[in-house]
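Structure, as structure tokens:
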Amino acid sequence: MNPTKTKELRSHEDVLEAIAEAIDIPEHLEQVARERYQSIGNWLDRDASTIKQYDPEVSPQGSFLLGTVIRPVGDADEYDIDLVCRLNATKQDLSMAELKKAVGVEIVGYATAHRMEKEPEDGRRCWTMEYADDAGFHMDILPSLPDEATYRVLMEKSGHVALATDQGIREQAIAITDKTHPKYTVRCDEWPVSNPKGYGIWFQSRQSEAVLTRKRAIMETDRVYASVDDVPDYKVKTPLQRAIQLLKRHRDTMFNGDDDKPISIIITTLSAHAYNGEQTIGEALRSILKNMHMYIEDKGGVKWVANPVNPMENFADKWLEAPQKEKNFFSWLEKARRDFGLYLTANVYSRVPTELLEALSKDTVTKVLPMIALAAPAVVSSADAGAAEAAKVIHEGGATKPWRR
């Protein structure tokens, strides 16, 4: 999954792929993460578990589920692995508080049995476990119950019939805990509803052909799989996934820990909408950067980035109360168009503009540069790379700031 020094890069696509590989979670750490959340699941389902009767199931959500995890920028930062713990119980069996506590008892027990230095933290919605080792993980575990019925009713009432009747997405819906909910301690039907697995199904649908193409390529290269279906999804990285990883790293470097930076779910959702089945990272970036703003709705003056599996949820809901978040998103988008445009419009793939070098983290890109089959200087200034030509990526669509139209 990560580049090697022996690999020679001979095209724009090779370079982009190598940079994306360099910022991806290393394969051995991905395996460690899988083993750890599977270990937690086994603990919750062991014979002595106090919640075994509810058939607990632990599964990933967020970037780990979607295949868009990136390395932290700083050495002191950690990988944030989001998990869902789903119990096969009902809202009549447990209140939100009772569910949170029941899962928490076992999570704390797991931490004690495995001699973890820090006790799990009881957050607003999740239990957080921190691992004090070189892997640099912390895991957010969200307690939940299956809630297909509520999800179906909500989608029907809001006029989203296609989602209400899509069994594959509908049956993944869950009820989740939230300490700030007014009925947190009461056994009732009024729980927050979420659908992270449904979002994963939607995301996968946006790249199904690309996944199939990549799986076939892996089969031809590795020759250890009997069929396309045997190739694990986590082995596959599509142009959409790689583009999102590059955009997230560009965001992280630009904002350097700023809490008002564009959030990953907005970048991921808009990118998946704008992706149109392109078979290369470069073409995917062009399409995404040109069109992603078109999927931001304006509802009576409120910017709305709808959750594709629950359109009533606005991923940009914080923009109204914190306008800097909205400003930062569009500043980032304009800079991303410019920085990637400088490279994508360059005639020589071996010339990496200094702007892109710095935007993707100089330490990361310089690891890739020695692999380039050099026909010219590996790093050039924007003037040499043709900044005016790169503006095409920004201006395509009719305006330098098309979101203001």
When you compare the side chains of T50 and E106, does any donor N or O come within less than 3.5 Å of an acceptor on the partner? yes
Do D339 and K335 pass the salt bridge (charged side-chain N to carboxylate O under 4.0 Å, His left out) test, and can you show the C-alpha distance, the side-chain angles, and the key distance before you say yes or no? CA-CA 6 Å; D339 292 342; K335 189 174 188 302; 2.6 Å; yes
Distance alone, cut at 3.5 Å: any donor-acceptor contact between the side chains of K91 and T150? yes
If you draw a 6.0 Å radius around CG in D298, do more than 12 non-hydrogen atoms from other residues or ligands fall strictly inside? yes
Exactly one of L163, I169, V309 clears side chain to side chain contact (heavy atoms under 4.5 Å, CB included) with M155, and that residue is L163
Ring center gap for H12 and Y343 short of 6.0 angstrom: yes
For the residue pair S287 and N276, confirm or rule out a side-chain donor-acceptor distance under 3.5 Å. no
Consider only side-chain N and O atoms of S331 and N328, and report whether a donor and an acceptor are under 3.5 Å apart. no
Check step by step if side chain to side chain donor-acceptor pair (under 3.5 Å) holds for S39 and N42. CA-CA 5 Å; S39 174; N42 291 337; 5.9 Å; no
Below 6.0 angstrom between ring centroids: does that apply to H250 and F340? yes
Heavy atoms from other residues, nucleotides or ligands near NZ of K299 exceed 12 (cutoff 6.0 Å): yes
Do T68 and R242 have side-chain N/O donor and acceptor atoms under 3.5 Å apart? no
Under 6.0 Å from the ring centre and within 45 degrees of the ring axis: does the NZ or CZ of K100 meet both conditions for the six-membered ring of W127? yes
Test side chain to side chain donor-acceptor pair (under 3.5 Å) on Y199 and T269; report intermediate values, then the result. CA-CA 9 Å; Y199 183 96; T269 301; 2.7 Å; yes
Check against side chain to side chain donor-acceptor pair (under 3.5 Å), R10 and S350: CA-CA 8 Å; R10 293 187 172 276; S350 58; over 6 Å; no
Applying salt bridge (charged side-chain N to carboxylate O under 4.0 Å, His left out) to K197 and E57, what does each step give before you reach the verdict? CA-CA 13 Å; K197 278 192 176 181; E57 174 188 303; 3.0 Å; yes
Given R337 and E334, is the salt bridge (charged side-chain N to carboxylate O under 4.0 Å, His left out) satisfied, shown in steps? CA-CA 5 Å; R337 285 168 166 170; E334 185 167 357; over 6 Å; no
Residue pair H114 / W43, side-chain donor-acceptor N/O under 3.5 Å: no
E35 CD: over 12 foreign heavy atoms closer than 6.0 Å: yes
Using the rule given for side chain to side chain donor-acceptor pair (under 3.5 Å), can you reason through R124 versus H181, listing the C-alpha separation, both sets of side-chain angles and the distance that settles it, and then say yes or no? CA-CA 10 Å; R124 173 183 165 186; H181 195 282; over 6 Å; no
Taking the six-membered ring where the residue is Trp, are the ring centres of F315 and W304 under 6.0 Å apart? no
Count the heavy atoms of every other residue, nucleotide or ligand shown that sit under 6.0 Å from NZ of K52, and state whether that count exceeds 12. yes
Value for CD1 (I23) from OG (S361), rounded to nearest 0.5 Å, stands at 9.0 Å
Give a yes or no on this: more than 12 heavy atoms of other residues, nucleotides or ligands lie within 6.0 Å of atom NZ of K183. no
